[in-house]
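Before any comments, here is the structure.
We count residues from 1, following the sequence as given.
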Amino acid sequence: FKIPFFLFKFISLIITGINYYILPNFQTWRYRRDLYDLSIPKKNLGCDIFHTWDHCQRLIKKAKKNGAITILDIHVSFTINENMYPVVDYFIVPSQYQYEQGIKYGIPKNKLILNPFGVDSSMYKPEYNQLDKFTCLYVGTLEKRKGIEYLLKAWKELNLKDSKLLIVGRKHKSITNMISKYKNCLSIKFVGHKKPSELTKLYNKSNVFIFPSIREGSAKVIYEAMACGLPVITTKNSGSIIRDGKDGFIIKEKNVNDI
């Protein structure tokens, strides 16, 4: 059974919309993974190396059966079933955190390849700006996995004078009620989703970047903030390349006091 790729894209958008606006606990990734897998034919899957991500579990099995070397990219976490581990020859992970998670899940070290992400340094670079207030910046989807609720609570408790917290990103329906508690906090600004060109300006108009995520592969926004010269406050779980006490600070996840 195979579905046309354009149909996969259309259904995928519908599923994402359901997750964001109707059913916040709807497990989008499971359905998108299966749909993507079904959109690519198994026939004539002749290759020596098959490199993919966890949306193609059906095809990995087929490629392995045909004698190909199989490589799987782990972007956020090990979401594939454990019975798939023997089918994959190599796992590419973007951070030390994910490397350690792989070992924890019983994957041999010789199957794990650590390959950190990069950043476009021609776009993201430091620019001098004189700031009127001490400014902290968060960039990312506004959802529970990102630890946004702990950041907002910590900021409100700090009650810093002459300061502001900029929150950049799309809001997930699951945290609408939680965010509404901070609508009267004048030092918190929710500015919505921004294009890369706009993000560069925001990085360079901030003093500190904070990203208290609970689970990531390796957050690209941290690379972008560092490229713009910002010190970063983040968690080990964010897959950060931050050196604690040098490039910023590594804090415990779900910890308001640490923030």
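Side chains of D120 and S122: a donor-acceptor N/O pair is present below 3.5 angstrom, by distance only. No side-chain donor-acceptor contact under 3.5 Å links Y90 and T70.
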Can Y223 and S218 be said to form a side-chain hydrogen bond (donor to acceptor under 3.5 Å, both in side chains), step by step? CA-CA 9 Å; Y223 294 77; S218 188; 2.9 Å; yes
For S213 and E216: C-alpha separation, side-chain torsions, deciding distance, then whether side-chain hydrogen bond (donor to acceptor under 3.5 Å, both in side chains) applies.
CA-CA 7 Å; S213 187; E216 297 285 337; 2.9 Å; yes
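In plain terms, the two heavy atoms of D73 and H51 that are nearest each other are OD2-NE2, 2.7 Å. Of all heavy-atom pairs spanning K164 and W155, the tightest one is C-CZ2, 3.4 Å.
Looking only at distances, no side-chain donor or acceptor of N237 sits under 3.5 Å from a matching main-chain atom of R215. Remark: side-chain polar atoms of D258 are paired, donor with acceptor, to backbone N or O of K252 under 3.5 angstrom.
For the side-chain contact (heavy atoms from CB on, under 4.5 Å) test with I210, the passing option among V232, L230, I259 is I259; the others fail.
Checked for salt-bridge contact, E100 and K236 meet the test: a charged N lies under 4.0 Å from a carboxylate O.
Note: I222 CD1 to M226 CE = 9.0 Å, rounded to the nearest 0.5 Å.
For K205, the NZ atom is loosely surrounded, since the number of other residues' heavy atoms within 6.0 Å does not exceed 12. By the neighbour-count criterion of 12 heavy atoms within 6.0 Å, atom NZ of K61 is sparsely surrounded, having that number or fewer from other residues, nucleotides or ligands.
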